[in-house]
Structure formats: structure tokens, C-alpha cells
Amino acid sequence: MNKESYEQSYLYRLRHSAAHLMAQALTELYPGVKLAIGPPIENGFYYDVETTEALKEEDFAAIEKRMKELSKLDQRIERKVAKSRDEAREIVLKECTLGQGEAVAEYKLQLLDAVPEGEDISFYDQQRTDREGTFHRFIDLCRGPHVDSTKEIKHFKLMSLAGAYWRGDVKNKQLTRIYGTAFESQEELEQYLHNLEEARRRDHRILGKELGLFMFSPRVGPGLALWLPKGAQLRETMIEFLRDEQLKRGYEPVITPQIASIKLYEKSGHILTFREKMFPFMEDEEKETYILKPMNCPFHIEIYASQIRSYRDLPIRYAEFGTVHRYEQSGEVTGILRARGFTQDDAHLFVTPDQLLDEFIGVVDIMNTVLRKLGLTDFRARLGTKDPKSDKYVGHDDNWVAATNAIMEACDKMGMEYEISPGDAAFYGPKLDLIIKDALGRDWQMGTVQVDYNLPERFGLEYIAEDGKPHRPIMIHRAPFGSLERMIGLLTEQYAGAFPLWLAPVQVAVLPIADRHVDHAMDLASQLKGYSGDLGTKLRVSVDDRRETLGKKIRENQLQKIPYMLILGDKDIENGTVGVRSREEGGKDLGAMTLQAFVEMVEKEMD
RNA sequence: GCCGACGUAGCUCAGUGGUAGAGCAACGGUUUCGUAAACCGUAGGUCAGGGGUUCAAAUCCCCUCGUCGGCUCCA
């Protein structure tokens with residue numbers, strides 16, 4: 001179901017009503033609770049509240065119990081429209097607060113003020129007297145729509161608690177957000193919970209450990225990954241792929257240091273706009289301050305600026321797999337999807353205004369090539385623009401407008417659809433980002449292209465044009481993966497660890513059946529690796545020479561998601577064949593074939 | 001950083017105030033095996049760290065660190 005049809009659906013209304021039912025239970029159980037907002041969301045609903053005492057997850061059982069009781073009362077949910085803003089205010093203060101007045105109406109009054117002029121101000125009212133004669137009522141300022149009766153809300157579960165800033169602003173008070181979910185049937189609810197469990201098994205942090213890709217150590221520090229041999233191989237493979245692709249397209253590799261004097265960052269504007277994301281500064285004995293690099297761009301700019309550049313030299317495309325460190329807040333670190341140290345597949349293009357459009361299109365093309373190769377199809381593009389209200393940007397508005405227009409023009413020309421997201425620009429310019437969901441449905445920004453008029457200006461970059469006069473180049477910042485860490489984390493989840501053959505850290509496992517087959521297995525592996533023989537291939541091969549049963553070796557290599565196993569016993573040695581097993585379909589026996597035939601098969605698969 | 005949850009052997013987990021456990025992995029031995037876990041044995045723990053309550057703490061309380069779900073922020 002897509003977003004639009006979901007928002008029109010009964011399920012969406014049901015969840016919205018479930019949020020109200022939860023709020024009703026909360027007002028009864030916690031007198032004095034201040035209600036803020038409670039919308040339906042992608043997989044359920046939440047309500048933000050302010051309570052006098054901190055809520056705990058152990059309170060959920062009591063809240064759910066009361067919700068069930070209130071549901072059974074069969075309260076009719078009725079829509080009421082206030083005749084005027086004043087009347088609406090009266091309802092909020094007198095009825096919504098159930099006599100507690102202004103003390104609990106704080107957020108609702110603010111929401112009322114935010115209802116645009118001319119729009120209906122509606123309330124949803126649910127009430128009933130129970131068998132003991134107690135009157136229950138809940139009326140809430142709300143656009144709706146809702147279901148007809150609380151009786152319809154039967155299959156729900158409270159999921160988690162979180163702090164959430166009022167109106168999403170850190171400067172505001174932090175409220176308590178209660179997340180829940182609701183479905184039309186018990187089966188669907190259980191299916192959803194089951195799917196959550198399944199998604200957890202695809203989590204890159206779990207697979208990363210099981211498959212030996214990467215690890216973290218508290219002695220190294222949060223968000224600082226240690227890459228294990230298989231994970232490092234994966235990185236090398238991805239780097240090799242992209243490096244070739246870039247060389248083909250006229251990129252030139254450069255290499256720059258991990259730290260630089262603070263002067264570089266004063267010039268770039270990082271100190272003004274990026275400081276809180278940088279690791280603590282270092283000071284040497286001469287009192288020079290150094291900074292661990294959070295971005296590669298100023299370094300590439302220094303290389304550009306080191307010589308007089310002619311328009312004949314442009315475009316210049318400097319590429320670097322540049323490792324950067326950013327001091328992410330402690331609660332924000334998420335495995336390798338959000339780390340404190342990560343490597344960008346970075347490049348900076350210095351172009352003339354005439355070249356901008358073509359170069360931008362060239363970058364989008366390389367991104368498409370990358371996505372296709374990696375098999376990522378489920379992504380969306382987002383144009384991050386400047387938030388006019390924020391002061392976290394550098395440069396003149398004219399530059400911003402020109403850069404934003406350039407991106408839109410290029411996208412239109414390529415027929416690329418995108419959504420505009422104000423406030424998601426980089427501090428120096430607007431950007432086009434690719435957004436992909438992880439196993440748990442969270443959005444992550446992956447590849448990015450950014451058009452930048454501002455850093456060239458700050459650094460006074462020039463090239464000599466045909467007219468013999470200095471002109472200012474435009475920069476394109478771009479990273480098709482985004483970062484190796486995030487991309488590998490995401491790919492791990494997309495493929496549930498079963499990487500495509502070209503990417504798999506170990507492509508082939510050779511399994512000798514008994515000790516007497518080990519020498520032969522070693523020889524075979526050496527040929528497949530291209531170290532001996534004339535198979536004309538270079539595969540990544542392991543030999544499982546442990547003294548274990550064949551069944552066990554197969555099981556463990558299958559769990560390691562190794563694409564092919566070659567089983568080697570007396571029959572094979574006699575016939576000059578190997579028994580080939582594919583990891584597909586839970587392990588498929590492809591029968592005996594010659595090594596040559598096997599190599600032809602895998603080479604074809606990798607084309 | 002903030003709100004909530006969690007932290008027991010290398011891994012997955014059991015153990016709710018009274019002598020720290022299991023499976024897998026490791027190690028030693030036996031087995032040499034044809035498509036998803038051979039058999040027997042051995043060893044392994046400051047119960048994340050620190051402080052407190054108690055005759056007694058893995059278990060209750062406080063602090064710190066780390067991890068997880070969110071918020072904010074981001075490749």
C-alpha cells in the first residue's frame with residue numbers, strides 16, 4: 001500500500017482512533033497529563049504527552065488493560081465543528097481537559113492557534129457511562145477522520161517509549177512519546193510482530209557479526225568500526241569497482257591527510273557551521289590547533305588552488321576514498337549505518353558554468369550505474385534545499401538559487417523525479433540525495449551530489465578563461481555510495497548477507513570430504529585463485545580442511561552465505577570433477593562438473 | 001545530548017535475595033565420512049565497571065561505561 005492510499009484507508013483511521021483511545025486511558029490513569037499530538041504513522045500511531053511522573057514501559061500493561069475496557073464500552077466517536085475560534089477555545093479549556101482547565105491545555109491551545117484561518121476546527125468526542133455508573137468521556141481537538149466507535153479498536157499493542165521534543169525542536173520541552181500499533185485483526189497484529197522479529201535477523205549488526213564483516217570494541221570507542229578480513233575484502237571489492245568506473249570517466253585519484261590545521265577549517269567555514277560535529281581539537285607544542293577531518297572538500301580545494309588553472313584544464317575531478325570522523329551524538333550511533341569514523345567515496349569536480357549541467361548529469365549517471373550494479377532499486381531522490389529560517393549556511397542567496405536551479409534543471413533533463421526537502425542542504429550548497437530504507441524501515445541518506453558556489457568563493461578559487469581573465473569555478477561534491485560503511489550496512493540488510501557473487505567476500509568454498517582429499521583441494525583452490533594452472537580466473541576461495549563431517553561443513557558454509565561450495569571426494573578425483581552446490585534455494589546440488597565448466601558458469605554469472 | 005529498555009562463558013540464552021547453569025564454539029581423544037550439526041571428555045565467568053543496602057546481592061538502590069528503540073542531528 002502506498003502512502004496516499006494508506007492515508008485514505010480504514011486502517012489509518014483505526015490507528016488514529018487507537019491513539020485517541022490510548023489518550024483517554026492516559027487521562028483516566030494519570031490525572032493532570034498534558035496531551036500534545038497523537039497521529040497515525042507508517043506502522044501504527046503515537047501520542048506525545050507530558051506527565052507529572054515519568055512513564056515506564058512496565059506501565060504499558062495497565063494502560064492497555066484500560067484501553068481494552070474503554071474499547072468495550074462501545075463509545076460512539078462523533079465529529080463536532082466549532083462555530084468560531086472562541087468557541088473552540090472554550091471547548092479545549094472546558095471539555096477537552098475534563099474540568100482541569102488551563103493546567104493541562106497548554107499544548108492543545110498552541111495547536112488550536114496553529115489551525116489555519118478558514119479551516120474547520122473540529123473535535124472528536126467519545127463518551128459512555130459504564131455498568132458501575134462511571135461516566136467516561138474523551139474529546140480531542142483533531143482533524144480526523146476516525147472510526148465510528150471505540151469498539152472497533154480491538155487488536156493493538158503499545159510498543160515503546162521515547163522522548164520527543166514538542167514540535168520537533170530541541171529548544172522546546174521534551175515530551176514522552178508512546179508508540180503503539182493497531183490492526184484490523186489479531187492475525188495481522190501477530191504477523192506484524194513476527195515480521196519485526198524477521199527484520200531483526202537481517203539487521204546488519206547481527207549479520208556483520210555472524211558473517212565476520214566488522215566489529216566494535218568499547219576499548220576502541222563507540223562508532224569506530226574494526227573491519228574484519230571478510231568485511232575488508234567487501235570494501236576492497238567495492239572500491240575497486242568504483243575506482244575503475246571513475247577512471248573511465250576522467251577522475252584522478254588524490255590522497256589527503258587525516259588532520260589539518262584549524263586555519264583550513266576557518267577558511268572553509270566548518271568552524272562556523274560544523275563545529276559541534278567535529279572531534280575535540282588538538283593543540284601541538286607551538287600552540288597550533290589541528291582538527292581531525294570531518295570532510296574531504298577543503299583538502300581537494302587546496303590542491304586545486306595550488307596552481308593557476310586554465311579553462312582548458314577544466315573540468316578537474318579529484319577522487320578520494322577519504323576517511324572522515326564526525327562526533328555523532330552518543331544516541332545517534334547505529335552500527336556502521338551511522339558511525340563516527342567512515343570512508344566516503346568522495347570526489348570534487350571543479351567546473352566552468354558552461355560545464356555544470358553536463359558534469360552534474362555525468363555524476364547522476366555514475367550514481368545510476370552504481371545502483372544498478374549493486375542491485376538497489378528501491379530508493380527515492382531528495383533535493384535538500386536551504387532552510388530560509390536557519391543561519392547554519394554560508395554564502396549569498398544568489399549562489400543558492402543558481403545552484404538549486406542547476407540541480408532541478410539537470411533532474412528535469414534526465415527525467416529524474418525528486419521531492420524537495422527544505423533544510424536538508426549541506427552548509428555550502430543544495431544537494432540531491434538518494435534515500436534508501438533499512439531492514440527496520442528507517443530512511444538513510446546514501447549517495448549525494450551537491451552543487452557549490454560558496455566554497456570556491458570562500459577560497460577565492462579561479463581559472464583563467466578564454467578572455468584571459470580570472471573566473472570562478474563551480475564545485476560539485478559527490479559520493480555515489482555515500483560512505484562505504486553505510487552502503488555495506490545497507491547492502492548486508494538488502495541481501496540478508498547473501499551478497500551477489502561479484503561482491504561476496506568468499507565466492508567459493510572447497511570442501512574436501514576426508515583428509516586424503518585436502519592436498520587436492522588446496523591445489524584446486526590455488527587454480528581458482530589464479531595462482532596456478534590456466535583457468536583464467538581469479539576467484540576468492542577458501543578451503544574447509546577441518547576434520548569435520550561433510551554435513552557440518554556444508555551447514556556452516558551455507559550459513560556463511562558462500563555462493564558456491566565445491567565438494568571433493570574419491571569419485572571426483574577419479575573423474576576429474578567437483579560436486580557443485582549453490583547457496584540458492586536453501587542449497588541446491590548442481591551435480592558433478594569439471595573445474596573448467598564451473599569457472600565458465602561463475603564467470604558468466606558475474607558478467 | 002535527551003527519553004525509555006537492556007548488559008550473565010567467545011556466541012545465543014536460562015537463572016527474582018541463600019553454593020553461577022545449558023547449547024554451540026574452543027581444547028584433548030576416537031571417527032575419515034558424498035550434500036544443513038559424528039561421539040566421549042576437558043577447560044572456560046570480578047554476572048559490564050564502581051559504590052551502597054543486607055547476615056547474605058547476578059538478583060534491590062545509586063553512579064559511570066557500553067548496546068538497543070525513539071527524539072534531535074546526519075554519509
Inset, instruction - May I ask you to say whether A:R243 pairs ionically with A:E240, meaning some side-chain N is under 4.0 Å from a carboxylate O? - result: no
Inset, instruction - Find the distance between SG (A:C297) and OH (A:Y428) and round it off to the nearest 0.5 Å. - result: 4.5 Å
Inset, instruction - Classify the nucleic acid contact of A:K173 as base, sugar-phosphate or nothing, counting any heavy atom under 4.0 Å across all strands shown. - result: nothing
Inset, instruction - Answer yes or no for A:R15 and A:F45: cation-pi contact, defined as NZ/CZ to six-membered ring centre under 6.0 Å and angle to ring axis within 45°. - result: no
Inset, instruction - Compute the ring centroids of A:F598 and A:Y564, then answer whether they are less than 6.0 Å apart. - result: yes
Inset, instruction - Take nucleotides 39-46 of chain B nucleotide by nucleotide from the 5' end and write B, S or -, depending on whether a protein heavy atom sits under 4.0 Å from the base, only from the sugar-phosphate, or from neither. - result: --------
Legend entry - Test: A:E556 and A:R546 ion pair at under 4.0 Å: yes
Legend entry - A:E210, A:K230, A:R555 screened by side-chain hydrogen bond (donor to acceptor under 3.5 Å, both in side chains) with A:Q560, the one that passes: A:K230
Inset, instruction - Tell me whether A:F342 is stacked on the nucleobase of B:A75, counting only the six-membered base ring and applying the 5.5 Å and 30° thresholds. - result: yes
Inset, instruction - For A:G447, answer base if it contacts any base atom (sugar-phosphate contacts may also be present), sugar-phosphate if it contacts only those atoms, and nothing otherwise; contact means non-hydrogen atoms under 4.0 Å. - result: nothing
Inset, instruction - Map every base of RNA chain B to its dot-bracket character, where paired means a Watson-Crick or G-U wobble contact with both distances under 3.5 Å and | marks a partner outside the strand. - result: (((((((..((((....[..)))).(((((.......))))).....(((((..]....))))))))))))....
Inset, instruction - Return yes if a side-chain donor-acceptor contact under 3.5 Å exists between A:E419 and A:S421, otherwise no. - result: no
Inset, instruction - Would you mind building the protein contact string for nucleotides 9-17 of chain B? One character per nucleotide, 5' to 3', B for base within reach (heavy atoms under 4.0 Å), S for sugar-phosphate only, - for untouched. - result: ---S-----
Inset, instruction - Return the minimal non-hydrogen interatomic distance between A:Q445 and A:I435, and the atom names on each side. - result: CA-CD1, 4.0 Å
Inset, instruction - In plain terms, say whether A:R338 and A:E485 are close enough for a salt bridge, that is, a side-chain N and a carboxylate O under 4.0 Å apart. - result: no
